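Because the structure is predicted, anything quoted here is derived from the model rather than measured. Along the sequence shown, the residues carry numbers beginning at 1.
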Amino acid sequence: MIDVAELERKVPILKDIQNEKEVFWINPDKTNCEEAMKHIELTMADVDDAEQRLKRFAPFIMKCFPETKDRNGMIESVLTPIPGMKELLNEKYNSNLEGTLLLKQDSHLAIAGSIKARGGIYEVLKHTEELALEHGFLKKEDNYEKLASEECRQFFRNYTIQVGSTGNLGMSIGIMSAAVGYQVIVHMSADAKQWKKDLLRSHGVTVKEYESDYSEAVKNGRALSDQNPKSYFVDDENSRTLFLGYAVAAKRLKKQLEEQKITVDDNHPLFTYIPCGVGGAPGGVSFGLKLIFGDCVHCFFVEPTQAPCMLVGMTTGLNHEISVQDIGLTGLTHADGLAVGRPSGFVGGVMKYLLSGEFTIRDGKLYDYMRDLLETENIFLEPSACAAFQGPVYMEKSEISQKYLLENHLKDKMKNTTHIAWATGGSLVPEAIREEYRNTYLDK
């Protein structure tokens, strides 16, 4: 039994979190990157290995998903300058944001239309490679396009992949697993949007629906998978494989920044703001960024005020041993991809010394930022992705943010700063749903 009163005494910010206030938390455990990495078992070698595996699968990806041919089978998103959005944020919210504001459009990643296309697809492909190598019909030097043959698909039909999801991870796992030939079961929580369930079913995926939240869907999915020796469960709460798939994004971002002649060094800091659910995607991306840019990058997560599971886990030090429901929050939010009550303990441990801090955001602001981005840049994001803009809005205007900038000797460098709002989903949202957003929230 968690003693909430005692936690409130030890963690003063917890009271504001309980009262659904928007907060900005600075991580007191953050240390220099070199020291932080000593506490983490994963290394750049693990990220390099993941990157090479994705390259081996590029011919297969192009064969199954022709829309990836223009990138030679690489599933990657554009990095877009959004000066109009920066100007509006400063005018409308008095953000005082200096430097350059960019949008990393993982919302428009091929195949699954969300950041989950990175980790989810990578884990499916890694499992596929392991099975194919084990059964002798693939060598690493082969052209992996052969895995798209009917003979291979018949083999993979003997195996099942399962996952618990609020929506986007299920779509990435489901679509790629179905393409390989697996039987696929996606266990979806009550927060999952109907259109995502319908899309998965159109790919031949079995969708099991639960009236409870994400954690319960994961628990049931894991239990069902454990009953079948030929079933593989993708564990978003604890998977190192998912995490490394996300981390590869950092290596590709480095190349994109170089192509745009954007410098990241001690005098030109990089700030990233990534919406957070259970933590795997933002954690993996941030880990990769810290490996590459070290102390020159400052990574922040953003969560809904009703579902700040990672924030609650990290501020209390309890990680996955505490849920938002334990402190009186519902875990319910319009940002369905972030509707998670209990964080990944693995990610919380990795981020303990790396993460700069967290912002929380009320649901109503998600639609404000959705409207702002449409008006200034004509880019649509789903509500959960719009949470990213809470970071740029408050990074240079709040008292707490000023403290962070001063303590990290950043105050005189902000004019040289690059800010990246990491968009996590949106391109696959059907037009009918977009119209519903417009009529219900955006036209007011």
Of the non-hydrogen atoms in [X] and [Y], which two are nearest, and what is the gap between them?
X: T43; Y: L291; result: C-CD1, 4.1 Å
X: L103; Y: A423; result: CD1-CB, 3.8 Å
X: A249; Y: V285; result: CB-CG2, 4.3 Å
X: R153; Y: G181; result: NH1-N, 3.6 Å
X: I75; Y: A110; result: CG2-O, 3.8 Å

Side-chain donor/acceptor of [X] to backbone N/O of [Y], under 3.5 Å:
X: N19; Y: K15; value: yes
X: T376; Y: D372; value: yes
X: S202; Y: L199; value: yes
X: S384; Y: A335; value: no
X: D106; Y: L109; value: no
X: E22; Y: R362; value: yes
X: D226; Y: A223; value: no
X: S107; Y: S114; value: no
X: S95; Y: L97; value: no
X: T360; Y: P304; value: no

From CA spacing to verdict: side chain to side chain donor-acceptor pair (under 3.5 Å), Q194, D198: CA-CA 6 Å; Q194 186 61 46; D198 294 341; 2.9 Å; yes

[X] versus [Y]: any side-chain heavy-atom pair under 4.5 Å?
X: I17; Y: L329; result: yes
X: F233; Y: V218; result: yes
X: W422; Y: I420; result: yes
X: K219; Y: Y210; result: no

Intermediate values then yes/no, side chain to side chain donor-acceptor pair (under 3.5 Å), N168 and K196: CA-CA 8 Å; N168 286 340; K196 294 181 181 182; 3.0 Å; yes

Do the ring centers of [X] and [Y] come within less than 6.0 Å of each other?
X: F300; Y: Y404; result: yes
X: F346; Y: F243; result: yes
X: Y394; Y: F24; result: no
X: Y159; Y: H127; result: no
X: H334; Y: Y367; result: yes

Verdict with supporting geometry, K365 and D368, salt bridge (Lys or Arg N to Asp or Glu O under 4.0 Å): CA-CA 5 Å; K365 277 194 182 172; D368 291 339; over 6 Å; no

For [X], I'd like to know if atom [atom1] has over 12 heavy atoms of other residues, nucleotides or ligands within 6.0 Å.
X: E211; atom1: CD; value: no
X: E399; atom1: CD; value: no
X: E407; atom1: CD; value: yes
X: K208; atom1: NZ; value: no
X: K251; atom1: NZ; value: yes
X: K397; atom1: NZ; value: yes
X: K21; atom1: NZ; value: no

Ring geometry between H298 and F271 (parallel below 30°, tilted from 30 to 60°, perpendicular above 60°): parallel

Salt bridge (Lys or Arg N to Asp or Glu O under 4.0 Å) between R201 and E209, intermediate numbers included: CA-CA 12 Å; R201 288 179 173 127; E209 301 181 51; 2.9 Å; yes

Report, one line per pair, each donor and acceptor closer than 3.5 Å where one atom sits in a side chain of residues 306-315; sequence neighbours left out.
from, atom 1, to, atom 2, distance (Å)
Q306, OE1, T330, N, 2.7
Q306, OE1, T330, OG1, 2.9
Q306, NE2, E20, OE1, 2.9
Q306, NE2, E20, OE2, 3.2
T315, OG1, L311, O, 2.8
T315, OG1, V312, O, 3.3

For [X] and [Y], does a side-chain donor sit closer than 3.5 Å to a side-chain acceptor?
X: Y182; Y: T128; result: yes
X: Q162; Y: S231; result: yes
X: Q256; Y: E76; result: no

Criterion side-chain contact (heavy atoms from CB on, under 4.5 Å) on S77 and H108, from CA distance to verdict: CA-CA 6 Å; S77 67; H108 291 65; 5.7 Å; no

Worked check of salt bridge (Lys or Arg N to Asp or Glu O under 4.0 Å) between K92 and E375: CA-CA 13 Å; K92 186 174 179 179; E375 289 179 358; 5.8 Å; no

Can you tell me how far the [atom1] atom of [X] sits from the [atom2] atom of [Y], to the nearest 0.5 Å?
X: N158; Y: H135; atom1: CG; atom2: NE2; answer: 9.0 Å
X: W25; Y: I13; atom1: CH2; atom2: CD1; answer: 8.5 Å
X: Y93; Y: Q390; atom1: OH; atom2: CD; answer: 9.5 Å
X: L428; Y: W195; atom1: CG; atom2: CH2; answer: 5.5 Å
X: I161; Y: F156; atom1: CD1; atom2: CZ; answer: 9.0 Å

Geometric cation-pi criterion, K290 with F287: 6.0 Å, 45°: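 Ring-cation test returns no.
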
Full working for side chain to side chain donor-acceptor pair (under 3.5 Å) between Q402 and E396: CA-CA 6 Å; Q402 292 302 308; E396 293 191 60; 6.0 Å; no

From CA spacing to verdict: salt bridge (Lys or Arg N to Asp or Glu O under 4.0 Å), E129, K126: CA-CA 5 Å; E129 183 183 62; K126 184 174 187 290; over 6 Å; no

Residue pairs involving residues 235-248 (criterion salt bridge (Lys or Arg N to Asp or Glu O under 4.0 Å); sequence neighbours excluded): E41-R240, K116-D236, R222-D235, R222-E237

Pairing of R252 and E51 as salt bridge, 4.0 angstrom limit: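 A salt bridge is absent here (no side-chain N lies under 4.0 Å from a carboxylate O).
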
Test log, rule side chain to side chain donor-acceptor pair (under 3.5 Å), inputs E382 and Y437: CA-CA 9 Å; E382 65 182 6; Y437 285 141; 5.8 Å; no

